[in-house]
Engineer: 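Can you read through this structure? Questions will come right after.
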Amino acid sequence: MAISFLDVPSEVLRKIALFAVLASPLGAPKELRSLLLTCRAMSHHLSPPNAVRLYFVIFASKFDARGPLYRLGVDVVREHAALEMRRRFSAIQIFKRRQLDDPALTEALWIAYLMVEDSDTSQKNVKQLLSAGVPTFLDRYLRFNLKDGPTDSKGWPVLTEQLSLAIALSWTLASQRVMSYEPSDNCLEMMHLLRPVVFAAFRYSIFRTPEEVLYLGRNSLSTGATIESTTPYPPSVLPPQEIQYFGGVRRKAQPPFAALFATLLYFVRMELRTPLIVPNHIKCQTREEANQRGLTGLCADDIRHFHTHCRTRFADFPGIDFGIQTTLGKSPDIILCQPSFYKTGTIAGQWQGSEICPDIQEYTEWRSPGAIPGDFVKDYRRPLYITLEEHYTCDSRSAVPLDDAGNGSRNAWLPSDVLAKKADDGMEFCHSDGSFRTIYQTWRRGQSPPPDPHQVADVIITGTTDDPYLRAWGGYTQVLGRVRMKDGLVVLVQRNPVGSADTGSRMLRGYDSIARKGCDDQLSVGDMLSTTYVMMLENEEKNRLQLVEYGQMNRWIHDYWFDNHGMSHAIYNIRSGTWPKDSTEAALGMWLFWFLLRTDDYEPNVNDGVESPMSILKAMALGAHKYPLTTTPWVEFKPTSEASLRTTLYGEPVDLTPPPLATPAILSFLALVNKRRSIPLPPSEYPSPQPPDEWSSEWGRCFGKSTGDITECFRPGSIEGVWEGFFTYTEFTAYAAMLAGASPTIIQKGVVGRHQQTWKLREHHLLSTDHSDSDSGIGMDTDDVTALRGGDPLRSYFPTGTQLREHKDGLTVQDSDSTEVRRYHRTSALPSLENATDEQKPRVKDIILTGEGHSAWGQFNLVGRIRPCDGFISLSKDYVDGDRGKWLYRGYLVGNANGNLAGRWRDTLSPADVPGYEGCFFMSRRR
C-alpha cells in the first residue's frame with residue numbers, strides 16, 4: 001500500500017532537510033527555504049518553534065558556535081539559533097548588495113564584527129564573510145566615508161560607530177594576498193585617507209581611559225565605570241553600546257579603537273609600496289665584508305633583512321589572532337570586545353618591527369589651532385629590534401611608586417630617576433636618592449605557570465635593543481616601561497645610559513595586537529622549538545611530514561642557524577669574533593637541524609668562508625671547551641645536581657632536561673664532511689620509516705626522572721656488535737690557541753684530519769631481581785646486588801685498581817676496596833626474555849663494555865662503562881703497541897635501530913677538571 005508523504009515521521013523530514021543543507025556549507029540554507037515552501041505540513045514540521053534542534057545544528061554547520069556557547073550556554077544558543085541565523089544572513093545580504101546607506105548597516109557591521117570576534121579555528125564565520133565580499137564592501141565604504149563622510153568644522157574625520165567598526169573589520173579580514181592585489185593608486189589614496197587617524201594622536205586615541213590614570217593592586221582590576229578622557233575634539237573612542245549579541249539576547253559591547261586598526265592598515269600599505277632598494281652609498285654586501293674593511297653602519301644585508309622581516313603580521317586565524325586582547329566571560333555584566341586585563345608574559349621575548357615618523361614641523365602645524373588635515377610631505381620608516389623582559393609583583397604595597405600625574409605616561413608611569421639592576425631572585429628597582437627599593441620577580445616562560453592576572457599588582461618591562469641591529473641602525477640601547485593592568489596598555493621608554501652622548505628618549509605606547517581569547521599564549525621561539533623537538537622524538541612519519549611539508553620547518557631551521565639575521569645570531573657571533581651562544585634554545589635548534597638535515601641541500605667547499613654552514617658547525621663540533629657533551633658534568637658518575645627547566649607537554653607542566661648541543665652539532669658536521677659515503681646518515685635520509693621507539697632513549701634523557709634505571713636512557717644490548725666510523729683531529733697549535741682564548745676562526749680555518757676505525761664491542765650486564773623464585777633462567781645471586789662504584793673519569797669511571805676478567809659468558813669484576821666479586825653477564829649469553837613479564841625480567845643495574853679495534857694507527861683494546869643517569873658512554877682506548885698512548889672516547893648512542901654513536905675523544909694526560917686536547921668521532925653499525 002502506498003505511503004502518503006504526510007505519514008513520514010517529522011524526525012525523518014528534519015534529517016532530510018539537514019542533509020540537504022549540509023551539502024552547501026557557505027551561504028544561506030536555500031534548501032531549507034525550498035522545503036518550507038513545499039507544503040503546509042512540511043512548513044509545520046520544519047518551522048523554528050517545532051524544529052529547534054534542527055536550526056541549532058544548521059547554525060553550527062554554517063557558523064562557529066563555540067564563542068556563543070561559552071558565553072550563553074547551550075540552551076540559550078539553541079533557543080535563539082534560528083533568529084541569529086536570519087540576522088546574520090540579512091547582514092550578509094547588505095554587504096553583497098553594496099548598500100552603503102542601508103538603515104540597518106550599523107547592526108550589520110556589529111554582526112560581522114562579533115562574527116570575527118567569535119570565530120574559531122574552523123574559520124566558518126570568516127569564510128562566510130569573505131565569500132560575501134565583505135572586504136570589497138568595506139573598501140568602498142571607507143573610501144566614501146573617509147573622504148566625504150562626517151567631519152568636524154575643520155575637515156577632520158569624525159569616528160562614528162559605523163566608521164570605527166568598518167576600519168576594524170577591514171584589518172581583521174585583510175590578508176597578504178588580498179592586499180598585494182590592491183592597485184598602487186588605490187593604495188596611495190587609502191593611505192592619504194587614513195593618515196589623519198594614524199598620526200594625529202592628539203585627536204584620535206587608542207585607549208579610552210586617560211593615559212595618566214594607573215591603578216595598582218586590586219583597584220587595577222575594577223570593572224566599574226571608566227574615567228572618560230576630556231579633549232576639545234570629538235570623541236574618537238566611543239563608550240560601550242547596547243546591542244543584540246545573539247538572536248534576541250542583548251549585551252553591552254565596546255566599539256573598536258579605530259586608530260589602532262587604522263595604524264595597522266597604514267603600515268601594511270607602507271610596507272607593500274616600499275620597494276627593496278639598496279642605496280648606492282652602501283658599499284658592503286655583508287657584515288663580514290664591512291668588518292674586514294673596518295666600516296661601521298649599514299650593509300646591504302641589513303636593509304634586506306629590514307625589508308623582508310620587519311613587516312606587519314597578518315592574523316593566522318582572524319578572530320583568534322586579531323586586535324587588542326579582549327574579554328571572554330560568561331557573566332551578562334561583562335562588556336564584550338573591551339580590552340581585557342593584561343596577562344603576564346604577553347610581550348616578553350624578542351620583537352622586530354618598524355616605526356613611521358612624520359616630519360616634525362608639519363606635525364607641529366597639525367596641532368596648531370585652525371589646522372586642517374593635509375598631506376605630510378614626507379614620512380620615513382625605520383626598524384625596531386628589541387628584546388623585552390617582564391617583572392611583576394603581587395603586592396601593591398611593594399610596587400614602584402607612580403610618577404606625577406601631570407607627566408601622564410611620559411615616563412611610563414615610573415619616577416624619572418628610577419634605576420633597574422638584576423638581583424638574584426628577579427629585578428631590583430630603586431630611586432637614585434634611595435627613597436625606595438623593591439624587588440620584582442622576573443617572568444620566565446616555561447619555568448613557572450603564569451600568575452593569575454587577578455593576583456598581579458604591577459608589571460614593569462625592561463629590555464634592550466638587540467646588539468647586532470644597534471650597530472647597524474643605531475638608536476637607543478635601553479628600554480624601561482610599565483603595563484596598565486586594567487586594559488593591557490603598554491608604555492615603553494627607550495633611552496641611552498646616563499652619560500651617553502645622546503641623552504634623548506622616545507616613548508612607545510600601544511597594545512599587543514595579537515589577541516588569544518581563551519587560547520594558549522603564542523608560542524615563543526623556545527616553546528616552538530621544544531614542541532617541535534617532542535614531535536620529532538614521537539615521530540612515526542606523520543609528524544615529520546607536518547613539519548616539513550606543511551610547516552617548512554627545514555627551511556626555518558636553516559635560516560635560524562645560517563641566515564645573516566637568524567635568531568641564533570650564529571653568524572653575527574662569528575663576525576664579531578665570539579662563539580655562537582650555547583643555550584637551551586640553541587641546543588633544541590641544533591637537534592632539529594640534525595633531525596631534518598638532508599645533506600644534498602649543502603655543498604661543502606674547501607674555499608667556504610667562516611660564515612658557511614660547514615664552518616659554523618665545525619666551530620661547535622670542535623669547540624669542546626665551549627660546548628660540553630653533557631648537561632650533567634662528565635666527571636660525575638652519579639650526578640650531584642640536575643639541570644632542568646619547566647615546559648608544557650600535552651597541556652601539563654613537566655621538567656625537561658635540556659639535551660646538549662654538542663652531539664647533534666658533531667653528527668651534522670661529520671655528515672657533511674663525509675657526505676659522499678653517507679655516514680653518519682641523518683634521520684631524514686633513512687631508507688625506510690623509523691620504528692616508533694627509535695628515539696626512546698633521547699626521550700628518557702630529557703623527560704626521565706633520573707631514577708638511576710639505565711634502561712630509561714639506554715637500550716641494553718644495543719651497542720653489542722661491530723661498528724665502523726672515523727675520528728677527527730686538528731693541529732695541536734691551533735687547538736692550544738683556541739683553549740687560550742682565540743676566536744672560533746682559529747679552529748674554523750685550521751686543518752682537520754680524519755682516520756677510519758673499526759670497533760668490535762661486547763656488553764656485560766650486572767643483573768638483579770627482587771624475586772627469589774624468578775624462573776628467568778639466568779643464574780644470579782638472590783641477594784641484593786650493588787653496582788660497581790664510580791671511579792676515575794679519565795679511566796671510564798673505573799675505580800683505580802679494579803680487576804676485570806673476561807670469559808665467554810661475561811665478566812667478573814673486583815673492586816680494589818672490596819673482596820666482593822661481581823658477575824656481569826654477556827648480552828649474547830642471556831636467554832631470550834621476549835615473552836617474560838616485567839616482573840620476571842631482571843633489572844640491569846650496571847653495564848660494562850669491552851672490545852677491540854683497529855685504525856691506521858694500529859690495534860687497540862677498549863673497555864668502558866655507561867653512566868646510568870643518562871646513558872653517557874665512556875670508553876678507554878689503549879693501543880696494543882703502547883706507543884700511541886691512551887685516549888678516552890665519550891658520547892651517546894643517538895637512536896636505537898638506526899643508532900649513531902657520536903661524541904668526542906680526549907687525551908688522558910690533562911687533568912679531568914681542565915680542558916684537554918679533543919677531537920670528534922662517529923661510529924655506526926657495520927651494514
Side-chain angles (χ1 to χ4, degrees), residues 48 52-53 55-92 106-129 161 164-165 168-169 172-173 208 221-224 226 238-257 315 317-343 452-454 486-488 514-521:
V52 173
R53 186 174 183 277
Y55 283 86
F56 170 69
V57 175
I58 292 176
F59 175 84
S61 70
K62 297 281 186 180
F63 302 100
D64 298 306
R66 190 171 70 163
L69 286 171
Y70 179 84
R71 290 190 174 103
L72 305 176
V74 64
D75 292 337
V76 175
V77 172
R78 183 176 295 175
E79 178 185 352
H80 293 267
L83 175 58
E84 179 62 16
M85 190 157 50
R86 189 179 304 118
R87 291 179 66 241
R88 293 191 180 191
F89 284 117
S90 297
I92 286 174
T106 301
E107 182 182 9
L109 289 170
W110 267 117
I111 290 172
Y113 186 68
L114 289 168
M115 283 175 64
V116 177
E117 171 81 7
D118 285 341
S119 185
D120 202 352
T121 51
S122 63
Q123 298 291 277
K124 296 175 187 176
N125 290 356
V126 171
K127 291 173 183 176
Q128 292 283 8
L129 295 173
E161 187 178 355
S164 298
L165 288 165
L169 272 170
T172 59
L173 296 177
R208 184 168 169 233
L221 303 177
S222 171
T223 57
T226 302
L238 304 176
Q241 309 291 312
E242 186 172 321
I243 62 169
Q244 277 185 255
Y245 166 56
F246 191 88
V249 179
R250 302 187 70 82
R251 289 283 190 273
K252 278 192 173 184
Q254 171 67 54
F257 300 168
F317 292 99
I320 293 176
D321 295 339
F322 92 96
I324 308 169
Q325 295 195 44
T326 56
T327 53
L328 179 66
K330 301 179 181 180
S331 171
D333 298 327
I334 287 181
I335 299 175
L336 303 178
C337 307
Q338 72 173 350
S340 66
F341 305 132
Y342 182 77
K343 186 175 182 181
D452 184 344
H454 291 75
K486 178 178 181 178
D487 62 351
I514 303 299
R516 295 171 283 274
K517 304 179 299 299
C519 300
D520 291 335
D521 281 345

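The structure displayed is predicted, hence computed values, not measured ones.
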Engineer: Going from CD1 on Ile111 to OH on Tyr245, what distance comes out if it is rounded to the nearest 0.5 angstrom?
Structural biologist: 12.5 Å
Engineer: Using a strict cut-off of less than 4.0 Å between a Lys/Arg side-chain nitrogen and an Asp/Glu carboxylate oxygen, indicate whether Asp487 and Arg208 qualify as a salt bridge.
Structural biologist: no
Engineer: With side chains defined as the heavy atoms from C-beta onward, is the minimum distance between Glu161 and Leu109 less than 4.5 Å?
Structural biologist: no
Engineer: Residues two or more places apart in sequence or in another chain: which of them pass side-chain hydrogen bond (donor to acceptor under 3.5 Å, both in side chains) with Arg250?
Structural biologist: Glu242
Engineer: For Gly247 and Leu83, which heavy atoms make the closest approach, and how far apart are they?
Structural biologist: C-CD2, 3.5 Å
Engineer: Say you draw a straight line from CZ of Arg66 to CG of Asp120; how long is it, rounded to the nearest 0.5 Å?
Structural biologist: 4.0 Å
Engineer: Identify the heavy atoms of Pro48 and Arg86 that sit nearest to each other, and give their distance.
Structural biologist: CG-NH2, 4.4 Å
Engineer: Could you list the donor-acceptor pairs under 3.5 angstrom formed between side-chain atoms of residues 74-81 and any protein atom two or more places apart in sequence or on another chain?
Structural biologist:
unit_1	atom_1	unit_2	atom_2	d
His80	ND1	Gly248	N	3.1

Engineer: So which atom in Gln128 and which in Met115 form the shortest heavy-atom distance, rounded to 0.1 Å?
Structural biologist: CB-CE, 4.3 Å
Engineer: For the residue pair Lys124 and Ala60, what are the closest heavy atoms and their distance?
Structural biologist: NZ-O, 2.8 Å
Engineer: Would you please name every residue forming a side-chain hydrogen bond (donor to acceptor under 3.5 Å, both in side chains) with Gln241, sequence neighbours left out?
Structural biologist: none
Engineer: Once rounded to the nearest 0.5 Å, what's the spacing between atom CG of Asn125 and atom CZ of Arg88?
Structural biologist: 5.0 Å
Engineer: Examine distances only and state if a side-chain atom of Ser119 and a backbone atom of Val116 form a donor-acceptor pair shorter than 3.5 Å.
Structural biologist: no
Engineer: Minimum heavy-atom separation for Arg87 to Gln244, with atom names?
Structural biologist: NH2-O, 3.3 Å
Engineer: Determine whether Val249 and Arg71 make a side-chain contact, defined as any pair of heavy atoms from C-beta on separated by less than 4.5 Å.
Structural biologist: no
Engineer: Kindly compute the distance separating CD1 (Ile243) from CG (Leu114), expressed to the nearest 0.5 Å.
Structural biologist: 4.5 Å
Engineer: Hey, what's the ring geometry for Phe89 with Phe63, parallel, tilted or perpendicular (30° and 60° as the breaks)?
Structural biologist: tilted
Engineer: Report the distance from atom CH2 of Trp110 to atom CD of Glu117, rounding to the nearest 0.5 Å.
Structural biologist: 9.5 Å
Engineer: Between Arg251 and Leu72, which heavy-atom pair has the shortest distance, and what is it?
Structural biologist: NH2-CD2, 3.3 Å
Engineer: Report the distance from atom CE of Met85 to atom CZ of Phe56, rounding to the nearest 0.5 Å.
Structural biologist: 11.5 Å
